[in-house]
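The block underneath contains the structure these notes are about, expressed in structure tokens.
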Amino acid sequence: MKSARLPDGRDLPVLGLGTWKMGEDRARAADEVRVVQRALELGISLIDTAEIYASGGSERVVGEAIQGRRDQVFLVTKVAPSNASRRGTIRACEGSLKRLGTEVIDLYLLHWIGGTPVAETIEAFETLKAAGKIRAWGVSNFDTDDMEAIPADAQCAANQVLYNPQSRGIEFNLLPYCQAHGIPVMAYTPLGQSGRVLKHAAILEIAARRGATPAQVALAWSIRQPGVVTIPKTATLARVEENLGAVNLTLTEADLADIDRAFPPPRAKRSLEMI
Ligand code: NAP
């Protein structure tokens with residue numbers, strides 16, 4: 001699978017699996033574990049979770065799924081802003097490691113900016129890195145000015161933000177900023193949570209003429225530029241393979257122009273949208 005290069009030289013695969021809303025219901029947990037395992041079997045190694053998803057339930061699902069397969073996984077989780085103080089971050093990381101059943105997190109993100117100064121969270125991230133508990137750290141929901149405020153010598157490895165045809169404001173200056181600084185962008189909610197994007201006539205038409213599904217079109221669009229990776233969530237077994245198919249779909253100029261007409265690119269700075 002193609003990848004984006006992290007500042008530390010490791011590769012971040014262009015397509016992963018999101019796990020928001022997993023772990024909410026015990027009755028569904030075994031199926032969700034199976035979905036994560038299916039992703040790993042198919043070679044989808046990038047798994048995204050967060051301590052706040054289902055109050056740790058998503059991390060538990062992921063932890064169960066990766067037991068005995070840790071070496072096949074690029075594991076991403078996030079500290080909640082309410083825990084992002086110096087000591088709180090260390091404690092939150094310990095909790096995530098426990099729920100994930102692992103000794104190290106590949107990429108640990110600040111979920112969004114809260115009341116704690118970002119510099120304090122970064123100090124905690126560096127402590128965790130030195131202790132071998134995380135391999136790299138990054139941020140999420142950071143707009144361009146937030147990125148500019150990160151000290152130049154800090155090793156921010158990624159920025160995870162909302163990105164799909166309907167929400168493409170990052171193209172104005174956040175995405176170019178990240179690309180120029182070698183910081184991969186992780187596109188979250190790339191399917192627009194299965195709402196308007198996947199039902200839009202333009203997406204449906206492109207899917208029909210390319211012999212693809214609407215989800216594959218949306219995902220291929222999200223990773224058409226270098227330095228962008230995508231993390232669609234599915235808890236449906238068959239959709240894991242379907243979504244993976246997006247990595248083999250290259251959209252044509254005509255496809256991209258149709259998407260631009262349906263979902264015009266930003267002509268001015270818009271504040272970063274968040275979910
Ligand atoms: P999404 O991936 O855009 O959409 C997920 C929805 O699409 C689910 O309802 C899923 O249903 C459905 N779906 C999946 N594959 C499909 C397909 N092939 N055809 C039709 N529908 C399909 O939304 P998301 O969960 O908000 O975002 C993805 C991940 O990004 C999250 O899970 C999370 O890991 C991360 N995220 C991060 C932040 C942040 O603040 N950093 C915010 C939001 C999300 P089924 O599950 O029923 O298949």
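Whatever order the structure lists ligands and atoms in, that order sets their numbers, starting from 1. Scope of the values below: all heavy atoms of this structure, side chains included, with no hydrogens, waters or symmetry mates.
Of all the heavy atoms of A50, none lies under 4.0 Å from any atom of ligand 1, so neither backbone nor side chain is involved. With a 4.0 Å heavy-atom cut-off, ligand 1 is reached by no atom of T213. With a 4.0 Å heavy-atom cut-off, ligand 1 is reached by the side chain of N141 but not by its N, CA, C or O. Within the 4.0 Å heavy-atom criterion, the part of K78 lying near ligand 1 is the side chain and not the backbone. At a 4.0 Å heavy-atom cut-off, ligand 1 touches L198 through the side chain alone. Under 4.0 Å from ligand 1, not a single heavy atom of W112 appears. Contacts with ligand 1 closer than 4.0 Å are made by side-chain heavy atoms of E242 only, the backbone lying farther away.
With hydrogens and angles left out, the side-chain atoms of D48 and Q160 include a donor and acceptor closer than 3.5 Å. Between the side chains of S45 and Q72, no donor N or O sits under 3.5 Å from an acceptor N or O. A donor-acceptor pair shorter than 3.5 Å can be found between the side chains of T144 and N173. N141 and Y188 form a side-chain donor-acceptor contact under 3.5 Å, judged by distance and modelled atom types alone. Side-chain polar atoms of E51 and T77 form no donor-acceptor pair below 3.5 angstrom. Side chain to side chain, T49 and E59 fail the donor-acceptor criterion of an N or O pair below 3.5 Å. For the residue pair S58 and T19, a side-chain donor N or O sits within less than 3.5 Å of a side-chain acceptor on the partner. Side-chain polar atoms of Y53 and E24 form no donor-acceptor pair below 3.5 angstrom.
Note: T121 OG1 to E126 CD = 12.0 Å, rounded to the nearest 0.5 Å.
Close contacts between ligand 1 and T19 involve ligand atoms 32 (O), 34 (O) [criterion: under 4.0 Å to a heavy atom]. The atoms of ligand 1 that sit less than 4.0 Å from any heavy atom of P232 are 2 (O).
Of the protein's non-hydrogen atoms, I231 O, 3.2 Å is the one closest to atom 29 (C) of ligand 1. Looking from atom 47 (O) of ligand 1 to the surrounding protein, the closest heavy atom is T236 OG1, 3.4 Å. Closest to atom 43 (C) of ligand 1 among all protein heavy atoms lies Y188 CD1, 3.2 Å. Here the protein heavy atom with the shortest distance to atom 21 (N) of ligand 1 is S194 OG, 3.1 Å. Looking only at heavy atoms of the protein, atom 22 (C) of ligand 1 is closest to R239 NH1, 3.5 Å. Of all protein heavy atoms, the one closest to atom 3 (O) of ligand 1 is L191 N, 2.8 Å. Closest protein heavy atom to atom 34 (O) of ligand 1: D48 OD2, 2.6 Å. Of the protein's non-hydrogen atoms, W20 CB, 3.6 Å is the one closest to atom 31 (C) of ligand 1.
Closest heavy-atom approach to atom 4 (O) of ligand 1 within the set K21, E32, Q193: this belongs to Q193.
In this structure a side-chain-to-backbone donor-acceptor pair under 3.5 Å is missing from R99 to V62.
Ring centroids of W221 and F263 are separated by 6.0 Å or more, keeping the two rings apart.
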